[in-house]
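Worksheet: the structure to be examined is printed underneath.
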Amino acid sequence: MLIILICEFVAKKILIKNIKKLVQVEDEIRLKISGKEMANVGIIENAWLLLENDKIAAFGIMDELQLSDLAIGNEFKEIDASGKLVFPSFVDSHTHLVYAGSREIEYIDKIKGLSYEEIAKRGGGILNSSKRLQEASENELYEQAVHRIKEIISQGTGAVEIKSGYGLNTEAELKMLRVIKRLKENMPISIKSTFLGAHSVPAEYKGRQTDYVDLVINEMIPVVAAEDLADYIDVFCDKGFFTVEDTDRILMAGMKHGLRAKIHANELDYSGGVQVGVKYNALSVDHLEYVGDDEINALLGSETMPTILPGAAFFLGLEYSPVRKMIDAGLPVAIASDFNPGSSPSGNMKFMMSLACINYKMLPEEVINATTINTAYAMGLSEEMGSIAVGKKANLFITKEIPSIEFMPYAYGSDLIETVILNGKVVLNEN
Ligand code: NIG
Ligand code: FE
């Protein structure tokens with residue numbers, strides 16, 4: 001049973017003892033993990049972990065635990081994690097989880113053989129969500145998003161990026177971004193907000209794509225920036241959506257307003273999106289079903305995190321991104337959920353781990369790095385989240401009793417998360 005507790009427990013310190021494996025520990029904070037290094041994860045067997053206020057204070061092996069050294073007195077909560085693993089929270093660096101309703105009708109169209117682009121051309125897809133979002137009130141959108149956030153918290157996520165992009169006019173885009181702002185203020189999870197006005201060309205601009213791009217640049221971006229409603233800017237740079245030229249113009253305008261890029265690229269074709277993203281020093285380029293040597297060479301040596309969205313490829317039956325080739329070439333890779341009503345109606349990062357292992361031949365250690373520290377990088381958070389390191393935010397989860405780290409992606413349908421701690425407080429306990 002799912003219980004999200006508003007924690008009345010006021011102890012400022014939590015000591016987790018007898019941890020079978022403390023996973024993804026770091027003595028020195030690294031911003032991202034690339035290439036061969038992705039196959040390594042720091043693990044302490046039979047460990048303890050001390051949380052103080054909202055931060056990780058110390059950790060070590062049980063045999064060396066001296067309570068007197070920790071100066072914790074009597075005012076601390078003790079959790080016995082015998083037989084259990086402790087992981088840093090998942091960081092989900094790409095979602096669209098503010099949306100109205102659901103799109104299971106298109107699910108049937110997909111089953112019957114229509115492609116994502118065909119569904120979009122018939123007014124389904126993003127435009128379908130856009131119509132519903134425009135009609136929904138800010139409160140309705142907020143309540144639906146809160147429900148989704150509670151769900152992903154119970155599934156181990158401790159930080160999430162959320163995009164606009166179902167508004168597609170100035171008023172509705174601002175409404176979405178204000179909902180994200182409210183979520184930031186009220187939810188215990190860390191949230192970053194991305195302006196995605198160029199997600200799709202709205203119906204009333206059909207045949208006048210450049211006019212819509214002008215609207216995004218001249219009207220939307222200035223207000224979004226002036227009201228400080230976004231941390232990042234995104235464009236869906238792909239076949240049938242926005243061109244490299246459109247993307248270039250929008251990212252330039254975003255940059256002038258201090259918005260760093262995180263873009264959708266190469267989901268449906270070799271779109272040139274990776275190259276234009278790297279040109280603007282994008283924090284991440286996401287999807288990447290179509291990646292060849294040119295894209296890999298553009299990414300090598302850049303500060304841009306290639307981000308794979310295995311849920312969308314699974315749900316839409318897309319090509320699988322050549323992740324092994326990217327890692328073997330020395331690139332870092334991040335894995336996010338893309339939680340949205342059309343192409344990935346799930347924000348379950350543990351399931352994304354399983355998909356990444358099976359469909360992309362990633363090792364469990366690689367998917368741990370890809371869903372924690374590398375996604376933290378992809379939302380500008382790797383100095384404070386994504387690993388168990390002293391001084392980082394105390395966002396983590398304790399599993400049920402399980403045998404190994406590999407068991408997490410292996411047991412793909414099992415709910416293995418027992419206790420969730422966010423900001424140093426227990427917010428969920430199914431024990
Ligand atoms: O990331 N690819 C573009 N946008 C979303 C899909 C949004 C939708 O279909 O509603 C994605 O998959
Ligand atoms: Fe997306």
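First listed ligand is number 1; within each ligand, the first listed atom is number 1.
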Ion pair check, [X] and [Y], cut-off under 4.0 Å:
X: Asp231; Y: Lys184; answer: yes
X: Lys262; Y: Asp234; answer: no
X: Glu173; Y: Lys175; answer: no

Original post:
Given Ser129, which of His199, His96, Arg103 fulfils the side-chain hydrogen bond (donor to acceptor under 3.5 Å, both in side chains) condition?
Top reply: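 With Ser129 as partner, His199, His96, Arg103 yield a single side-chain hydrogen bond (donor to acceptor under 3.5 Å, both in side chains), made by Arg103.
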Considering heavy atoms of the protein only, find what lies nearest to [atom] and give residue, atom and distance to 0.1 Å.
atom: atom 2 (N) of ligand 1; result: Glu267 OE1, 2.8 Å
atom: atom 3 (C) of ligand 1; result: Phe236 CE2, 3.3 Å
atom: atom 10 (O) of ligand 1; result: Tyr166 OH, 2.6 Å
atom: atom 12 (O) of ligand 1; result: Ser343 OG, 2.5 Å
atom: atom 11 (C) of ligand 1; result: Asp338 OD2, 3.1 Å
atom: atom 6 (C) of ligand 1; result: Tyr116 OH, 3.0 Å

Original post:
So which pairs with a foot in residues 284-313 pass ring-ring contact (aromatic ring centres under 6.0 Å, His included), sequence neighbours left out?
Top reply: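 Residue pairs passing ring-ring contact (aromatic ring centres under 6.0 Å, His included), neighbours aside: His94-His287, His264-His287, Tyr270-Tyr290.
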In terms of atom number and element, which parts of ligand 1 are under 4.0 angstrom from non-hydrogen atoms of [X]?
X: Ile126; result: 7 (C), 8 (C), 9 (O), 10 (O)
X: His199; result: 3 (C), 4 (N), 5 (C), 7 (C)
X: His94; result: 1 (O)
X: Arg103; result: 8 (C), 9 (O), 10 (O)

Original post:
Listed by chain and number, what are the side-chain contact (heavy atoms from CB on, under 4.5 Å) partners of Thr243, not counting sequence neighbours?
Top reply: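 Thr243: side-chain contact (heavy atoms from CB on, under 4.5 Å) contacts with Glu245, Asp246.
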Original post:
Can the ring centroids of Tyr320 and Phe314 be said to lie less than 6.0 angstrom from one another?
Top reply: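 No: the rings miss the under 6.0 Å criterion.
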Original post:
Using the benzene-type ring in the case of Trp, are the ring centres of Phe236 and Phe242 under 6.0 Å apart?
Top reply: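 Here the rings of Phe242 and Phe236 have centres that are no less than 6.0 Å from each other.
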What side-chain donor-acceptor pairs closer than 3.5 Å can you find for residues 407-419, not counting sequence neighbours?
residue: Asp415; atom: OD1; partner: Ile417; partner atom: N; Å: 3.2
residue: Glu418; atom: OE1; partner: Lys84; partner atom: NZ; Å: 2.7
residue: Thr419; atom: OG1; partner: Asn429; partner atom: OD1; Å: 3.3

Original post:
Short N/O distance, under 3.5 Å, between Ser129 and ligand 1?
Top reply: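 The answer is no, given that Ser129 and ligand 1 share no N or O pair closer than 3.5 Å.
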Original post:
Tell me, which protein N/O/S atoms are under 2.8 Å away from the Fe ion (ligand 2)?
Top reply: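 Listed by chain and number: His94 NE2, His96 NE2, His264 NE2, Asp338 OD1.
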Original post:
Donor-acceptor pair, Glu295 side chain versus Gly292 backbone, under 3.5 Å?
Top reply: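 Yes, because the side chain of Glu295 sits within donor-acceptor range (under 3.5 Å) of the backbone of Gly292.
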Original post:
Is there a donor-acceptor pair under 3.5 Å between the side chain of Ser89 and the backbone N or O of Thr157?
Top reply: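 No, Ser89 side chain to Thr157 backbone: no donor-acceptor pair under 3.5 Å.
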